[in-house]
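One structure below.
Counting starts at 1 for both ligands and their atoms, in listed order.
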Amino acid sequence: MSVASTQTAAEGFKSRFGGVPEGVWSAPGRVNLIGEHTDYNEGFVLPFAIDRRTFAAVSLRADSIARVASSFTEQVIEISVADVSNQTVSGWSAYPLGVAWALIQAGSNAQGFDLFVDSNVPVGSGLSSSAALESSVAIALNELWGAGLHKSQLAKIGQRAENEIVGAPTGIMDQTASLFGVTDHAVFLDCRTLHSEAIALGLKQNSLEIVVMDTNVSHRLVDGGYASRRAACESAARDLGVTSLRDVSVEDLEDAKLKLDPLVFKRLRHVVTENARVLETVKLLKKGGPLAIGGLLLASHESMRDDFEISVDELDCAVEVAIRSGAIGSRMTGGGFGGAAIALIDSSKIPELTDAVAKEFDTRGFIAPTVFSVSADAGARREI
Ligand code: GLA
């Protein structure tokens, strides 16, 4: 694991650009506890920010040039901030430069800046390294440019950067989790009203932990799978005459089945039942704590595997092994087609789980997984 910190970001800044940055801001990756592919359907999600962060060391410049660098490559990308568009930027720098672009679109100052990024959020694992990067840069430029936007507006800035400059048609969940995270809590978000509420996870009191089983099968949101699922949801909403799938209830499903193409119906059924599972999870967490939510996590995984069809063999295998190793619940997390699964499990059983997943992956000829615990951490903040 990389050991990014405020200090490594400031040191990286010094070695690439010289001098001390005006500040270092950080933002976390996220794990989604439950509520997958519901955000762009104006539904409900329940992610939490994790103790893996991206650090952005930034200084303003006197001109209008943006220079961006990171610990992952020697390259320094240089562009006039006014020239940023989906034609002029690509690769990792499209995320921070896209944020600058979106802030300018929202009426912000377009002053140049030097930016150095270091991160310990794994990339391509479904833990939202992209939102961590966007959110760290968004809070930094919001402050340095004096834009004065609040966190829910910054979440939209990050989403706009990702949709329009990176070209991934993602929802608002990841940026919200990264900006609104609260230690030991999940962030319940109504993606229609954007109302959010911190929900106590109660893990420690129950000696539980959330373990990430990263399959190391890389997932990319710019590939076609994510967009095709989104398109199926939009087509279901059109055929049913609703603004979004948020307006379809579990009781409406029987009727909807008669109206929709069978594949589109399966996509719909996932979204509708997943929304119901999120609400039920919140209710159970408030009432009895995390020991009660295992069945919902597993049902969510099965729905993604069978109805939304975004799981892969490695993720199904991780979930099966987790349940066999005594996990209370387990599911893939994030956009799908690779990435990570999570297990909610008693702390004492983690060594057994880690061992069992590694063995089963080996037996089945999969790439070795990376297994680690995460805790719910605070959202984006200024470090120094
Ligand atoms: C990715 C997207 C999110 C959300 C999830 C699926 O993480 O960035 O907006 O759609 O996939 O729940």
Atoms in ligand 1 flagged as close to Met173, the criterion being non-hydrogen separation under 4.0 Å: 4 (C), 5 (C), 12 (O)
Those atoms of ligand 1 less than 4.0 Å from some heavy atom in Asp39: 3 (C), 4 (C), 9 (O), 10 (O)
Within-cut-off N or O pair, Asn32 and ligand 1, under 3.5 Å: no
Polar contact flag for Glu36 and ligand 1 (N/O pairs, less than 3.5 Å): yes
N-O pairing of Glu234 and Arg238 below 4.0 Å: no
Distance-only N or O hit between ligand 1 and His37, under 3.5 Å: yes
Any N/O pair Tyr40/ligand 1 closer than 3.5 Å: no
Pair Ser26, Arg53: side-chain N/O donor-acceptor within cut-off below 3.5 Å: yes
Axial cation check for Phe372 ring with Arg52, 6.0 Å and 45° limits: yes
No-hydrogen, no-angle side-chain donor-acceptor test under 3.5 Å, Ser235 and Arg267: no
Residue of the set Ile342, Leu353, Leu315 for which side-chain contact (heavy atoms from CB on, under 4.5 Å) holds with Met213: Leu353
Atom CD of Gln7 with >12 non-hydrogen neighbours under 6.0 angstrom: no
Region of Arg30 engaging ligand 1 - heavy atom pairs below 4.0 Å: side chain
For Thr170, atoms of ligand 1 separated by under 4.0 Å from a heavy atom: 2 (C), 8 (O), 9 (O)
Distance filter under 4.0 Å to Gly171 heavy atoms, resulting ligand 1 atoms: 9 (O)
Full working for salt bridge (charged side-chain N to carboxylate O under 4.0 Å, His left out) between Asp190 and Arg246: CA-CA 10 Å; Asp190 177 335; Arg246 161 68 172 276; 2.8 Å; yes
